[in-house]
Trainee: 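Structure provided below as structure tokens; questions to follow.
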Amino acid sequence: MADLLVIGAGLSGLTAAYTAAKAGLQVKVIAKGLGALHWSAGTVDVLGYLPGDKRPVQQPLAAINVLPDGHPYKLSDTSAALEAFQALTQTSGLGYGRAANNENWLLPSPVGAARPTFLAPQAQQAGSLRSDAPMVIVGFHGLRDFYPQLIAENLTKQGHQARAEFLPLELLTSRHDSNTIQLAMGLEDAKRRQKLGQALKKLVKSGERIGLPAVLGLDDHTQVWSELQSQAGAPLFEIPTLPPSVPGTRLFRALRHELELIGVRVEAGMEVTEAQASSGTPAKVQWVASETSARPLKHRSQAYLLATGGILGGGFSSNVNGRVWETIFQLPLTVPQKRPDWFRASFLDPQGHPVFQGGVAVGPDFRPIDEAGQPIFANLYAAGGVLAHCDPILERSLEGTAVASGTAAAQAVIESLKVTA
Amino acid sequence: MHTKSWHSVGPTLDECIKCNICTSYCPVAAVTDLFPGPKYAGPQAQRFRENGQPQTPDYSVDYCSGCRVCNEVCPSGVKIAELNARARAQIVAEKGLPLRNRLLGRNETLGKVGQIAPRLANFGLQNPVSRVLAEKVMGIAREAPLPHFSVEGTFGDWFKNSQARRLKSEKKVVYYHGCATMYYEPFVGKAAVAVFEHNGYEVIVPPQNCCGLPLLSNGEFDEAAKYHRNNVDKMLVYAQAGMDIIGTSTSCTLTLKEEAPELLDAHDENATTLKMATWDIFEWLRERHEAGELKTDFQQLEMVLPYHAPCQYRAHRIGKPALEILSLIPGVDVRESHARCCGIAGTYGYKAEKYQIGMDVGAELFEFVREQGSDVTMTACDSETCRWQMEHGTDLPSRHPIEFLAAAYGLYDLEKRQLTNE
């Protein structure tokens, strides 16, 4: 029997698995599919905006204090969790770093907006919009999902110096059609890389930095990025693309690799469809079962971590009337249960939308609680997108809450198993 | 124009959010643009195949190898591989099928014919002249790793002839050997019988047919349905008596459990009874182990063992029980492959126009094996065609995990591939 079964292979689940396994626990990760991280920009957004305020947050760690009680950050040691995350990703060469003075980075988004984020991988850092250096945004003819003119135009409107350039797609691939992951793997070929480096050197003007779609290698990313940068003779930064996102995929692969080194396996294609609990107060989860090609497969563990994501990640399901439910344990949700109450009238309302703000309420040890504040199951914990009292979309806090709550929930599990042992 | 209804797969179509994770992980799309990727060939093209539209929009679906990596990574539960299999069947229904694909689909018939004169058949299958001919005439790649017929008789012969030595017990299991064990690799079946008996189980081997998978993956659904019905008829009585039906060929067990019922719409009570009684051998052994019933009187086997869980195995969605059980053997350092596919994908890599694609797909697996160092003397994989492809791509012998387990019990010689007491 495992000590901890993590359900979900997104950032919160993987962070929790790592934290627990590092402390010596037997950990297993199962997931319906590989999702969330493959869609993410590969940065760790901690707190980009506060509700009702259109200006980006400067100092996210300090701004956490003004968040409401019950927010996952209020239950976690966010700063320590982020440090642990940086240490964990150090060996992968992704080089997650902070901007000066613990301020948010402001990085160009795929449409050329300024995107506040807290930890940026090394290859995105030269895109900092706090710098005055002019930018040339380089796209490729025929590459879907990346539009250099749109990016340059929007950056210019915001007062930055930016221009757009195009290179032929044949520099990246001999295929008729490729997605970004395939292009990234193609650039791991040194010859192809060299041609691209030469082409970049030709088009970059003195003093400019170069923005490219985030396709600079997958597993050999650090080498691809640094070689291209020296060949081009200018600072080089990646701008994330539409999904699948190469920087997010790199992070997933790096985390899975680190987990494997400490004996944790991540099993995809396992959808949990059933759970069994003992009677008693609080009840105890005895097993969960995942769907297979024939009979359900039971997974038994001392503790369970629900890290299945929220309404976007698949941890919640809903019907046309607006009823929303948590799919595995039928935990109570703070999400409005009537469709008209889901959204405010304006799509870009500075208060956000209620449907994205609700979730599973947890106590100080990240165990889901009922209305009276009591744990619902003695050995069930929750982290990441399932959590209530935060709005990852409005706050730009998706990865930050995942890292902070994943770490904190794992620590709570470690503590509880110490006590029972 | 649909020969089969879409109802069990179709609803998952609407779950597709076009995130392209499937395309990112698709091993075929990664090496060739003859296949545009699961999202395009599957959920996207499907819109144009439904509602009585006149013809398939895209023949490139034939380049889907059916490895099911797309299903595994899809966060939304879309049954992409099944969409593609049905689309291929639709093309076959409309356009007919080349002789080669008819042949490759008929594993059982080929096995029976080959066993009339196995040495002659092997000469035919393995000599360069006939292979060039087979490539020119039929499009079977000359380099492809075709199997060798057993020259010591079939598994069925051995099982019949060794009846006097077989264990009798209250505890019984039914063994589904499949065509590969029957005609090419009887030693895999012998190892399985030895492991069952060592754990106190009497083995029953009822008459059985090909599971039908080669026909399904070549789009001959009606022929596959005949095989499946025969298997249900022949094994139902054991399933109804509560016995477990256990196979060593992971693609066969997947077909009995899911592929045949799903693709052939065989959801009747009898087919379901068989489905629910069917186990992959290591799935079953893991259950025994978790119940504390598996013998662990293992001998030391000093080896670094690269293990590849084949696509068909991952499609069971049972994790990697073979890896878990092999890890119990003292001295065995099991290294888990994350390669997506070996490239053979059943009969895919045998086809001349797909052979190189298959080898390019397999490159990451062959590379993984090389990275494990020069101490590696063998690899492990649960699927026969994948083992043949791995041997072809790495020049190292490959074994079924049950052979290692039988060896760890001291019952089996891994080099000679025979039982120690025979």
Side-chain angles (χ1 to χ4, degrees), chain A residues 1 8-10 28 30-39 144-145 173-182 184-186 218-219 241-246 248-249 252-253 256-257 260 263 265-271 273 290-300 308-309 312-314, chain B residues 15 17-26 29-34 36-37 39-40 68-78 253-259 261-262 272 274-280 283 286-287 290 312-321 323-324 327 335-336 338 364:
Chain A
M1 183 163 31
K28 195 164 118 180
I30 59 174
K32 179 177 175 184
L34 301 178
L37 271 172
H38 295 72
W39 302 331
R144 304 180 305 269
D145 310 346
T173 180
S174 49
R175 300 165 56 114
H176 301 298
D177 184 45
S178 289
N179 75 13
T180 47
I181 304 271
Q182 291 157 355
M185 289 168 88
L218 193 61
D219 289 335
T241 62
L242 294 177
S245 160
V246 176
T249 306
F252 172 78
R253 292 165 79 95
R256 186 180 66 177
H257 179 68
E260 192 170 46
R265 300 200 16 254
V266 179
E267 307 260 27
M270 283 194 177
E271 181 182 6
T273 49
S290 62
E291 176 268 0
T292 80
S293 47
R295 63 205 76 75
L297 176 65
K298 285 179 186 167
H299 308 262
R300 290 187 172 82
T308 47
L312 300 174
Chain B
E15 304 287 331
I17 60 167
K18 312 284 184 255
C19 73
N20 257 318
I21 284 179
C22 56
T23 306
S24 304
Y25 277 87
C26 172
V31 299
T32 175
D33 48 13
L34 290 171
K39 187 189 76 158
Y40 303 99
R68 291 173 186 73
V69 168
C70 45
N71 289 15
E72 182 185 352
V73 300
C74 176
S76 307
V78 185
T253 49
L254 183 71
T255 305
L256 294 178
K257 279 180 177 184
E258 185 168 59
E259 289 304 299
E262 177 82 58
T272 305
L274 179 63
K275 166 193 173 100
M276 299 309 278
T278 302
W279 297 75
D280 168 80
E283 178 191 19
R286 180 176 64 185
E287 287 275 311
E290 284 178 358
Q312 300 280 352
Y313 200 62
R314 304 200 309 264
H316 281 264
R317 309 185 292 288
I318 53 176
K320 297 183 178 173
L323 184 143
E324 291 173 37
S327 300
R335 308 275 174 86
E336 179 184 3
H338 288 298
E364 65 184 23

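So you know, we letter chains A, B, ... as the sequences are listed, proteins then strands, and number each from 1.
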Trainee: Considering only heavy atoms, which portion of B:Leu256 lies under 4.5 Å from any heavy atom of chain A: side chain, backbone, both, or neither?
Mentor: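 Contact with chain A is absent: no heavy atom of B:Leu256 under 4.5 Å.
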
Trainee: Is there side-chain contact between B:His338 and A:Arg253, with heavy atoms separated by less than 4.5 Å?
Mentor: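 In short, these two side chains do not touch, never coming nearer than 4.5 Å.
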
Trainee: Evaluate the criterion side chain to side chain contact (heavy atoms under 4.5 Å, CB included) for residue pair A:Leu297 and B:Arg286; output intermediate values, then yes/no.
Mentor: CA-CA 11 Å; A:Leu297 176 65; B:Arg286 180 176 64 185; 3.4 Å; yes

Trainee: Please check this pair: side chain of B:Lys275 against backbone of A:Ser293, looking for a donor-acceptor N/O pair closer than 3.5 Å.
Mentor: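 Here the side-chain-to-backbone pair exists.
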
Trainee: Using a cut-off of under 4.5 Å on heavy-atom pairs, state which of B:Arg314, B:Glu287, B:Glu72, B:Glu259 scores highest against chain A.
Mentor: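 Looking at each of B:Arg314, B:Glu287, B:Glu72, B:Glu259 in turn, B:Glu72 comes out on top.
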
Trainee: Under 4.5 Å heavy-atom distance to chain B, tell me which part of A:Glu291 shows up: side chain, backbone, both or neither.
Mentor: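 Both parts, backbone and side chain.
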
Trainee: For A:Met1, which atoms come within 4.5 Å of any heavy atom of chain B: side chain, backbone, both, or neither?
Mentor: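 Interface part for A:Met1: neither.
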
Trainee: Could you look at B:Thr32 and say if it's the side chain, the backbone, both or neither that has a heavy atom under 4.5 Å from chain A?
Mentor: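 Just the backbone, heavy atoms under 4.5 Å.
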
Trainee: Mind ranking A:Glu271, A:Met185, A:Met270, A:Lys32 by heavy-atom pairs under 4.5 Å with chain B and telling me who comes out on top?
Mentor: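 Winner by heavy-atom pair count: A:Lys32.
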
Trainee: Do A:His299 and A:Ser290 come close enough that some side-chain heavy atom pair is under 4.5 Å?
Mentor: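 The answer is yes; the side chains approach within 4.5 Å.
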
Trainee: With a 4.5 angstrom heavy-atom cut-off, which part of A:Gln182 approaches chain B: side chain, backbone, both or neither?
Mentor: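 For A:Gln182, side-chain heavy atoms alone lie under 4.5 Å from chain B.
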
Trainee: Are A:Thr241 and A:Val246 packed together at the side-chain level, in the sense that at least one heavy-atom pair is separated by less than 4.5 angstrom?
Mentor: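 Sidechains of A:Val246 and A:Thr241: no contact.
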
Trainee: Is any side-chain heavy atom of B:Leu254 less than 4.5 Å from a side-chain heavy atom of B:Arg68?
Mentor: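 In short, these two side chains touch, coming nearer than 4.5 Å.
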
Trainee: Salt-bridged, B:Glu283 to A:Arg295, with N to O below 4.0 Å?
Mentor: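 A:Arg295 and B:Glu283: salt-bridged.
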
Trainee: Report which part of B:Ala277 has an atom under 4.5 Å of a heavy atom belonging to chain A: side chain, backbone, both, or neither.
Mentor: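 Backbone only.
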
Trainee: If we only count heavy atoms from C-beta on, is the A:Thr180 to A:Pro244 side-chain gap below 4.5 Å?
Mentor: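 SC-SC contact between A:Thr180 and A:Pro244 confirmed.
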
Trainee: Just so I understand: if I count every heavy-atom pair under 4.5 Å between each of B:Ser24, B:Cys74, B:Gly37, B:Ala315 and chain A, which residue has the most?
Mentor: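 The option with the most such pairs is B:Ser24.
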
Trainee: What part of B:Thr272 gets within 4.5 angstrom of chain A, counting heavy atoms only: side chain, backbone, both, or neither?
Mentor: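 Nothing of B:Thr272, per the 4.5 Å heavy-atom cut-off to chain A.
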
Trainee: Pick one of side chain, backbone, both or neither for B:Lys18, based on which atoms fall under 4.5 Å of a heavy atom in chain A.
Mentor: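 Contact with chain A: none, neither part.
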
Trainee: For A:Ile181, which atoms come within 4.5 Å of any heavy atom of chain B: side chain, backbone, both, or neither?
Mentor: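 For A:Ile181, the side chain is the part near chain B, not the backbone.
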
Trainee: A side-chain contact here means heavy atoms from C-beta on lying under 4.5 Å apart; do A:Trp39 and B:Asn20 qualify?
Mentor: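 With C-beta onward as the side chain, the pair stays apart.
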
Trainee: With chain A, which of B:Asn71, B:Leu323, B:Asp33 has the greatest number of heavy-atom pairs at distances under 4.5 Å?
Mentor: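 Max contact count across the listed options: B:Asp33.
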
Trainee: Under 4.5 Å heavy-atom distance to chain B, tell me which part of A:Arg265 shows up: side chain, backbone, both or neither.
Mentor: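 It is the side chain, since no backbone atom gets that close.
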
